[in-house]
Amino acid sequence: MTEVIHRLIEQYGLIAVFLGCVAEGESAAILGGFFAHQHVFIPWQAFLAAALGAFGGDTFVFILGRSFADHKFVIKLRARPGFSHAYRLVTSHPNIFVLSNRYIYGLRLVGGIAAGLSGIAAARFVILNAISSVVWAALFCTVGYVFGLGAEHIVGQALARHERLLIALAIGLVVAILGWLAAHIVAKKELHKGS
């Protein structure tokens with residue numbers, strides 16, 4: 001069974017990293033770096049998949065806000081607690097906001113919608129988003145690569161394939177839980193500010 005999973009990761013793993021990074025995907029980028037360290041992916045390909053996914057996801061959400069402001073999905077996102085805060089930030093500090101929005105877990109969608117609804121020029125957004133996505137991908141892929149190095153030292157030089165998968169799943173789970181907790185804390189703070 002682990003042999004089949006390993007083959008699937010080799011064949012479709014970079015696509016999964018890309019798609020995971022289109023969404024709010026620190027864990028996908030970290031897993032990409034981890035598997036790059038384990039020689040399942042070529043490091044530059046894992047980085048490229050993560051950077052393109054991050055760039056594509058943020059650009060898509062920006063376009064949604066810019067072109068479909070009256071769509072029910074966009075209206076629903078505008079009703080979220082963090083939207084008004086994100087909109088104030090993007091209108092007062094557009095460069096800093098676009099460069100940092102990808103790092104604010106849980107507010108990425110509303111931040112992209114806010115940027116799309118703001119007056120920031122599309123070309124400016126694309127350039128700043130590209131810079132942010134490249135730095136973000138390098139950071140989180142490196143974290144995954146370092147996790148791989150640490151796991152190799154803990155488990156030993158000869159990591160068996162099933163051990164790699166279990167470690168990768170554990171890393172992904174820990175990152176997802178930490179991200180959920182961070183988003184939950186931020187959402188609670190926003191609710192208390194609004195009250």
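All values derive from a computational prediction rather than experimental measurement. We count residues from 1, following the sequence as given.
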Using the side-chain contact (heavy atoms from CB on, under 4.5 Å) rule, pick out the option among Leu117, Val126, Asn101, Ile120 that qualifies with Phe62. Ile120
So how far is it from [X] [atom1] to [Y] [atom2], rounded to the nearest 0.5 Å?
X      : Y      : atom1 : atom2 : value
Asn129 : Arg124 : CG    : CZ    : 13.5 Å
Thr91  : Tyr87  : OG1   : OH    : 6.0 Å
Lys76  : Leu109 : NZ    : CG    : 11.0 Å
Phe18  : Phe55  : CZ    : CZ    : 10.5 Å
Ile30  : Leu139 : CD1   : CG    : 8.5 Å

Please evaluate residues Trp136 and Cys21 with respect to the criterion side chain to side chain contact (heavy atoms under 4.5 Å, CB included), reporting the C-alpha separation (whole Å), side-chain torsions for both, the decisive distance (0.1 Å), and the verdict. CA-CA 10 Å; Trp136 179 89; Cys21 291; 3.7 Å; yes
Measure across [X] and [Y] and return the closest heavy-atom pair with its distance rounded to 0.1 Å.
X      : Y      : value
Val110 : Phe83  : O-CD1, 3.9 Å
Gly32  : Ala46  : O-CB, 3.5 Å
Ala115 : Phe125 : CB-CE1, 4.0 Å
Ala16  : Ala28  : O-CB, 4.5 Å

Are [Y] and [X] linked, directly or through intermediate hydrophobic residues, by side-chain heavy-atom contacts shorter than 4.5 Å (ILVMFWY only)?
X      : Y      : value
Ile75  : Leu64  : no
Phe34  : Phe47  : no
Ile96  : Val135 : no
Val134 : Ile131 : no
Leu52  : Ile42  : yes

Indicate yes or no for a side-chain donor-acceptor contact from Arg78 to the backbone of Ala69 under 3.5 Å, with no hydrogens or angles considered. yes
Counting N and O atoms only, with roles assigned by atom type, does the side chain of Arg66 sit under 3.5 Å from a partner on the main chain of Ser118, one being a donor and the other an acceptor? yes
Pair Phe97, Leu128 - check side chain to side chain contact (heavy atoms under 4.5 Å, CB included), show working. CA-CA 9 Å; Phe97 181 82; Leu128 292 170; over 6 Å; no
Just so I know, are the side chains of [X] and [Y] near enough to count as touching, which here means a heavy-atom distance under 4.5 Å?
X      : Y      : value
Leu31  : Val17  : no
Ser132 : Tyr103 : yes
Val22  : Phe60  : no

Under a 4.0 Å N-O cut-off, is there an ion pair linking Arg102 with Glu26? no
Could you walk me through whether Asp58 and Ser133 pass the side-chain hydrogen bond (donor to acceptor under 3.5 Å, both in side chains) test, one step at a time? CA-CA 9 Å; Asp58 289 350; Ser133 298; 4.6 Å; no
Does Phe68 have more than 12 heavy atoms from other residues, nucleotides or ligands lying within 6.0 Å of its CZ? no
